[in-house]
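Structure first, commentary second.
Lettering of chains follows the sequences in order, A, B, ..., and the numbering in each one begins at 1.
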Protein chains: 2
Amino acid sequence: MDADLKEIDTHEKESGFVDGYLLYLLASASHLASGQFHEEIRGAGVRVPEWRVLACLRDNDGQMVTQLARFALMEQSHLTKTIDQMTERGLVTRRSDEADRRRVRIFLSGKGRELAGKLVKQASAHEERLIRQLGMSDIVQVKSFLSRMIETLENNE
Amino acid sequence: MDADLKEIDTHEKESGFVDGYLLYLLASASHLASGQFHEEIRGAGVRVPEWRVLACLRDNDGQMVTQLARFALMEQSHLTKTIDQMTERGLVTRRSDEADRRRVRIFLSGKGRELAGKLVKQASAHEERLIRQLGMSDIVQVKSFLSRMIETLENNE
DNA sequence: TTGTTTTATATGATATCGCATATTATATTT
DNA sequence: AAATATAATATGCGATATCATATAAAACAA
């Protein structure tokens, strides 16, 4: 009977939901690719959340905490604590907003800017290697696809 | 002098490294898209790592811990603890491998399989909505791109 | 003004995560 | 076989992340 056939091939990937699941593919690709660079980052004595903050501030210095947390892909309360540590290390400074004193704006220090610049260079170099290694001729399309996706998701809450 | 010009446009995105950085685009897209579904998951009383384990086991039951950790995108020691909790909740069971008793294989319980099935259905529905919402006509290409990327990165260490 | 609501950040308690290493089992070498 | 090396999982601890809420400022309403 058919029931017997079910027993065969238990080591083959029969159903394979996750292999074709967009969110898993994204998470997995991100996890693997970023993992490589995060090792480099660690080597420079910088943690992942710190790297994200440095990179975001380098692009746009003086962001307020809530906004920065969104860009750096972390929770507000976690960013606050990360900022504490980075302040102690002399990488960033807090300054309360003149116009609205609830707001706290974060600025790179000279040291922080220098480190950020160095890491961004490393990131660029790593990206180049990665793209070459993956033979991604369609990299422009992929990036624009991801950008569209992000924009849509951000606006759609 | 030129120095004065630097002061202008401090609110424009001048350099914008991260906006075009592949790893950031991937992380950001993954973060935002998965974030949506993770809320659903939470609503079902399931945590993200648990959901990943359930989905992976549903595709391939009886995996050993190390292998499963890789697929579920988490560290081995963390998976061990997640398995502890899931075992207590009656979602999975441990069974040591006959041939090599160092190995521990993880199996879905009936309850676990049922939950996994329910969540996979939810995930499929969510994915459909997401793809429709994003108007992703090129979804097949995107997925195959990500798959290629993952395969390359996995094999390359 | 005073009271109420909303917004921005900080804080504290708790759970999660990750590193280093312990434990146990197998493989290899002598 | 005994000793050593390697492999798979578990454990302890310190760091990190998250939730709920506190604090403080601004906006709004009465």
Q: Please tell me which of the listed nucleotides, C:dT9, D:dT9, D:dT18, lies nearest to the side chain of A:Glu75?
A: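 Between C:dT9, D:dT9, D:dT18, the one nearest the side chain of A:Glu75 would be D:dT18.
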
Q.
If you count heavy atoms of other groups shown closer than 6.0 angstrom to CD of B:Glu151, is the number above 12?
A.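 Check fails, neighbour count at 12 or below.
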
**Q.** Minimum-distance pair of heavy atoms, taken over all atoms of A:Tyr21 and B:Trp51
**A.**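 Where A:Tyr21 meets B:Trp51 most closely, the heavy atoms are CE2-CZ2, 4.1 Å.
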
Atom-pair distance ([atom1] on [X]; [atom2] on [N]), nearest Å:
{"X": "A:Leu73", "N": "D:dT16", "atom1": "CG", "atom2": "C1'", "value": "16 Å"}
{"X": "A:Glu98", "N": "D:dA26", "atom1": "CD", "atom2": "C1'", "value": "16 Å"}
{"X": "A:Arg47", "N": "C:dC19", "atom1": "CZ", "atom2": "P", "value": "12 Å"}
{"X": "B:Arg94", "N": "D:dA8", "atom1": "CZ", "atom2": "P", "value": "17 Å"}
{"X": "A:Asp100", "N": "C:dT9", "atom1": "CG", "atom2": "C1'", "value": "11 Å"}
{"X": "A:Met64", "N": "D:dA24", "atom1": "CE", "atom2": "P", "value": "18 Å"}
{"X": "B:Arg103", "N": "C:dT24", "atom1": "CZ", "atom2": "C1'", "value": "15 Å"}
{"X": "A:Glu88", "N": "D:dA15", "atom1": "CD", "atom2": "P", "value": "13 Å"}

Check every strand shown and say whether [X] touches a base, only sugar-phosphate, or nothing at a heavy-atom separation below 4.0 Å.
{"X": "A:Gln85", "result": "sugar-phosphate"}
{"X": "A:Ser77", "result": "base"}
{"X": "A:Met74", "result": "nothing"}

Q) For the side chain of B:Gln76 and the base of D:dA8, is some donor closer than 3.5 Å to an acceptor across the two? A)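 Result: no qualifying N/O pair found.
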
Q | Side-chain donor/acceptor contact of A:Arg102 with base of C:dT9 under 3.5 Å | A |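 Absent.
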
Q: Please determine if a side-chain N or O atom of A:Arg42 lies less than 4.0 Å away from the OP1 or OP2 oxygen of C:dC19.
A: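 So the side-chain polar atoms of A:Arg42 do come within 4.0 Å of the phosphate oxygens OP1 or OP2 of C:dC19, strictly under.
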
Q. Within less than 4.0 Å of OP1 or OP2 of D:dA8, is there a side-chain N or O belonging to B:Thr66?
A.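 Checking B:Thr66 against D:dA8: no side-chain N or O falls below 4.0 Å of OP1 or OP2.
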
Q: Between A:Arg101 and B:Lys81, just flag the one whose closest nucleotide in DNA chain D comes earlier from the 5' side.
A: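 Residue closer to the 5' terminus by nearest nucleotide: B:Lys81.
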
**Q.** Closest-nucleotide 5' rank along DNA chain D - winner of A:Asp97 and A:Thr82
**A.**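 The residue closer to the strand's 5' end, by nearest nucleotide, is A:Thr82.
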
Q) A:Ser34 side chain to A:Ser30 main-chain N or O, any donor-acceptor pair under 3.5 Å? A)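 Side chain of A:Ser34 to backbone of A:Ser30: a pair is present.
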
Q. Does a side-chain heavy-atom distance below 4.5 Å link A:Ser147 with B:Leu25?
A.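 A side-chain contact exists here, since the closest heavy-atom pair is under 4.5 Å.
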
Q: Consider only side-chain N and O atoms of A:Glu128 and A:Ser124, and report whether a donor and an acceptor are under 3.5 Å apart.
A: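 Side chains of A:Glu128 and A:Ser124: no pair found under 3.5 Å.
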
